[in-house]
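Worksheet: the structure to be examined is printed underneath.
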Amino acid sequence: MTWRSSSDGGHRLRGVMTGWSRRRSRLVATGMTLGLSAVLLGVTPVPVAQAAAKVDSLKPAKTGELDCNGDSPAQKSVRAMTCTDIKGILGVDNQNTWGGKFYDNGQYIGHDEPDTTFESSKPGSGGNVTFTETIGADPSAAATDVTPGKDVSHWFELSPAPWMSMSLCDPNSYPQAPCTPNSDSNAPTSTFNGGGSTFMEMQLYPPGLPPFVDSSGCDTTHWCAALTIDSLECTEGFTSCNSSCEEPVNFAFIQTNGVPTGAPSPQGANTSTFTPNGNTLLMNPGDKITIHMADARAPGGGNAFKVTIQDLTTHKSGWMQASAANGFATTSMADCSGTPFNFEPEYSTAKQGNITPWAAIATDISTEFETGHWESCTTLSDQLSSNPLDSSDTSPDYNACAGPYETASDPGGGAETGEANCYLEGATHPGYDGPGTSTQPDQATGCQDNVFQNGDLDFDGSPYWTEWPTGTTAGIYPASFVENMPTTRGSQYTHFFFQTDIALSESSCTATTLSGCTVPPDGPGNFYPYWSVTHSGGACVLEFGNVSSRVQDFGKDAEYGTNQFETLGYPEFEGPIHPVSAC
């Protein structure tokens, strides 16, 4: 466990513990012998807390989301997900982590997540939050791929999933320890690696690239949203992980009737889970919305985490509750089975140190724009024999991109092994959801880098050029989101800071070559998006992209601070803490 001094004299507690730590007696996990299934899966028997009676267990299906990175040897993933990035632990070298990076079945699974984290010591701030924001709109002109840095860009090229986060309690997730919902007793300390913790991302999805099940959009004109919950089936220090279900994810769209489109659980997720229906909440670009996330009474008794979105422009609303009644489930590290479960917030407060202890982005309450998942192409080649995610989708799927954005050499050090899924402009994906189905045509030719590695690891795609919003009105670039500082039961959070885990994805960034850990990363565009703060309607608001006029931009990329590799054990950039009152 390490401590880092912050600019205001406080300290930020970060979990970099190895091995088994001494637990408080009241938090000792209930014992369970893993049995033959665990041995066959290569899992070292460890004490595992169970959420409910085994009779309620869900057997994993042949397809699902037992591993949102798509690397499970026991189950085929339905969809390539934008998962929670996992931290590394410097000096701990085993089959799951080495060199300060985490590997899923031998595959590095980094993400690019520029983040704003909010902190408060007010009771309830860790599990009851409201975001108010105006959704970014796209240019009226179609996206182009002629001149990098000056092309018309749309939101689907820049971010597949802007999201808001919260840590949730899950006794069957890392570090495989009991947790008390809505309690700061779950926080990591110098002798306790934290209560079982899972990471919730309330994700928004831009229009432009349907179908969602093997691309990134619900349709070509609307934004949609989903509640996602990522767990980690590993013990402390990643000493043991279940390779068949390392990062299971629960998923459900935000629905006008609150009913999932398909099974949300990692064990049973199917094509319907990731296919919007007539009750999926659709939002227009430019709409003003509120997103409320908190515990609520659940069907069948008890409480469960709930997301409610109110569209203040159209007066439509939708919600989703992460409850057993809705099909959400916790996953057993022993055999990957699921148990119906009411997920609840992990913490009472969002104070410093209340984090998801296994996630690279050290946070509870935050907002960010997942990025680095799009490359614009003029032509595509290396056609795959079938779609690796959805074999029923007969639109040609390619693995190689050519055009002005593709560099002659790979500054990522050969880190990319393929660029699929890649589709041609106009692709309509016949048969993606059964005979006779198709989608609106894709709006651009490009690759998503989501099958053979997680993201654009040579950093030559649109997100690493100056094609981000420069203000709140769309021109050749999209309009920025306008995000009010979040509130908790009517009160603002007291502090915020910026961070990014981009360096985890840089092959040049190691414990011995810290000079290779850079923001922006080493790519031809030499650009990285940043957060800005300004005022709108008397409120302090955040914008994101390349907004530098009439705003406080915190030095642009300098806002992400310095590389904390030597302090934290993995390359994470964290900036100083800012008081919201100074906004």
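Because the structure is predicted, anything quoted here is derived from the model rather than measured.
No donor-acceptor contact under 3.5 angstrom links the side chains of Thr330 and Thr339, judged on distance only. When only modelled atom types and interatomic distance are considered, Tyr464 and Asn526 share no side-chain donor-acceptor pair under 3.5 Å. Side-chain polar atoms of Tyr570 and Thr97 form no donor-acceptor pair below 3.5 angstrom. Side-chain contact of Gln75 with Ser77: a donor-acceptor pair under 3.5 Å is absent, judged by distance alone.
The aromatic rings of Phe496 and Phe554 lie perpendicular to each other, with more than 60° between the two planes, well past the 30° mark.
Under the ring-ring contact (aromatic ring centres under 6.0 Å, His included) test applied with Phe481, the options Phe131, Phe369, Phe544 reduce to a single match, Phe369.
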Might you work through the disulfide bond (SG atoms under 2.5 Å apart) test for Cys401 and Cys422, ending with a clear yes or no?
CA-CA 8 Å; Cys401 170; Cys422 304; over 6 Å; no
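Of the possible donor and acceptor atoms, none in the side chain of Thr84 sits under 3.5 Å from a partner among the backbone N and O of Asp230. Side chain of Asp449 to backbone of Gly372: no donor-acceptor contact under 3.5 angstrom is found. At distances below 3.5 Å, at least one donor-acceptor pair connects side-chain atoms of Asn105 with backbone N or O atoms of Asp71. The closest donor-acceptor contact from the side chain of Ser125 to the backbone of Thr349 lies at 3.5 Å or more, if one exists at all.
Counted within 6.0 Å of NZ on Lys101, heavy atoms from surrounding residues, nucleotides or ligands total more than 12; the atom is thus considered enclosed.
Less than 6.0 angstrom separates the ring centroid of Phe199 from the ring centroid of Trp163.
Thr82 pairs by the side chain to side chain donor-acceptor pair (under 3.5 Å) definition with Gln203, not counting sequence neighbours.
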